[in-house]
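What follows is a short report on a single structure.
Note that the numbering runs from 1 along the sequence shown for the chain. Quick caveat, the model's predicted, so the values are computed rather than measured.
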Amino acid sequence: MTDDASPWLVVGLGNPGGEYAGNRHNVGFMVADLLAERMGARFKAHKSRAQVVEGRVGPPGPLSRRVVVAKPMSFMNLSGGPVTALRDFYKVPVGHVVAVHDELDIDYGALRLKVGGGDNGHNGLKSITKSLGADYCRVRFGIGRPPGRMDVAAFVLKDFSAAERKELDYFVDRAADAVETLIADGLERAQGTYSS
């Protein structure tokens with residue numbers, strides 16, 4: 001998967017706008033922001049309706065990989081359009097597309113990495129799969145289930161709780177490490193190190 005010189009496209013999923021910035025649903029944006037910071041680059045508007053940063057991941061030299069980190073500026077349920085436009089523009093094979101997203105069925109802060117599969121009711125994944133097919137990589141960031149009878153949509157569009165925020169930076173940092181390992185060393189190595 002990583003012996004190919006093709007670029008990688010890492011898509012952090014979220015909703016644009018300040019009112020959504022701290023939401024559980026925006027954890028993909030948080031990971032994308034950290035990856036951009038590590039590359040020492042700033043997001044720029046792209047004609048695909050996304051903010052993008054271009055850089056490299058991995059050790060300096062021939063083993064480093066060209067990476068485009070993107071935040072679609074459409075709403076979550078329309079992510080497929082910008083992702084497909086970016087994939088076409090940068091000529092990224094579907095196997096080199098990585099979606100970073102919140103996942104209800106995983107405990108808070110836990111990570112799972114995989115290729116393909118269903119969308120589990122996640123509208124961002126649903127939109128991407130409709131545009132690209134299902135064979136892209138996913139870095140699933142656990143946000144846990146809503147308490148009691150709280151509506152799922154309300155839960156994902158709420159900010160992380162004060163207790164969750166105490167560990168959020170650590171978990172976002174770990175998710176960014178997982179993305180970099182996936183790109184540099186392959187899925188199996190990343191799964192072995194980060195899937196919990």
Side-chain angles (χ1 to χ4, degrees), residues 1-2 6-16 20-44 46 50-61 63-73 76 79 82-83 86-87 90 92 95-104 106-115 122 124-125 128 136-144 156 159-161 164-196:
M1 191 155 89
T2 55
S6 301
W8 286 77
L9 173 60
V10 178
V11 182
L13 293 183
N15 285 309
Y20 299 106
N23 290 181
R24 293 181 177 93
H25 222 19
N26 271 40
V27 76
F29 274 17
M30 296 172 197
V31 174
D33 286 339
L34 180 56
L35 288 166
E37 192 180 305
R38 289 179 179 186
M39 290 175 179
R42 288 203 172 153
F43 281 99
K44 295 185 176 109
H46 189 271
Q51 298 271 327
V52 300
V53 156
E54 295 181 54
R56 299 192 83 78
V57 161
L63 293 179
S64 79
R65 310 270 174 221
R66 186 168 161 235
V67 179
V68 177
V69 178
K71 299 190 295 186
M73 291 290 110
M76 179 74 83
S79 300
V83 173
L86 288 165
R87 192 254 345 238
Y90 289 103
V92 178
H96 279 202
V97 175
V98 183
V100 184
H101 64 92
D102 57 304
E103 178 65 59
L104 285 160
I106 302 174
D107 290 340
Y108 173 62
L111 295 173
R112 298 264 198 302
L113 288 79
K114 70 174 188 172
V115 173
H122 193 290
L125 295 182
I128 294 171
Y136 55 92
C137 304
R138 296 106 189 271
V139 174
R140 303 157 71 206
F141 186 111
I143 60 169
V156 300
D159 286 1
F160 286 99
S161 69
E164 288 169 334
R165 282 197 301 271
K166 288 178 183 161
E167 296 180 292
L168 183 59
D169 287 348
Y170 168 76
F171 289 139
V172 167
D173 195 63
R174 200 164 174 272
D177 290 346
V179 170
E180 291 180 343
T181 302
L182 167 65
I183 292 167
D185 301 323
L187 179 65
E188 278 186 33
R189 172 75 61 87
Q191 284 173 323
T193 307
Y194 295 100
S195 283
S196 44

I need the minimum non-hydrogen distance between [X] and [Y], along with the two atoms involved.
X	Y	value
Gly95	Trp8	O-CZ3, 3.8 Å
Ala110	Arg112	CB-NH1, 4.2 Å
Asn26	Gly14	OD1-CA, 3.4 Å
Pro72	Ala50	CA-CB, 4.0 Å
Arg56	Ser64	NE-OG, 2.7 Å
Ala32	Gly12	CB-CA, 4.2 Å

Atom [atom1] in [X], atom [atom2] in [Y]: separation rounded to 0.5 Å?
X	Y	atom1	atom2	answer
Leu13	Ile128	CG	CD1	4.5 Å
Asp169	Arg174	CG	CZ	15.0 Å
Leu125	Arg138	CG	CZ	5.5 Å
Thr193	Leu111	OG1	CG	11.5 Å
Leu35	Ile183	CG	CD1	7.5 Å
Lys71	Asn15	NZ	CG	12.5 Å

For [X], side-chain hydrogen bond (donor to acceptor under 3.5 Å, both in side chains) partners two or more places apart:
X	value
Gln51	none
Asp102	His25, His122
Asp173	Arg38

I want to check something: taking the side chain as every heavy atom from C-beta on, are [X] and [Y] in contact at a cut-off of under 4.5 Å?
X	Y	result
Cys137	Leu182	yes
Val92	Leu86	no
Leu104	Ile143	yes
Val100	Val179	yes
Thr181	Leu113	no

State which residues pass side chain to side chain contact (heavy atoms under 4.5 Å, CB included) with [X]; sequence neighbours excluded, sorted by chain then number.
X	value
Ser161	Arg24, Ala163, Glu164
Phe171	Tyr108, Phe141, Glu167
Ala36	Phe43, Val53

- Only one of Pro82, Ser79, Pro16 forms a side chain to side chain contact (heavy atoms under 4.5 Å, CB included) with Met73, so which one is it? Pro16
- Query: Taking the six-membered ring where the residue is Trp, are the ring centres of Tyr90 and His46 under 6.0 Å apart?
  - Reply: yes
Sidechain-backbone polar pair: [X] side chain, [Y] backbone, donor-acceptor under 3.5 Å:
X	Y	result
Asp159	Asn23	yes
Arg165	Phe160	yes
His96	Pro7	yes

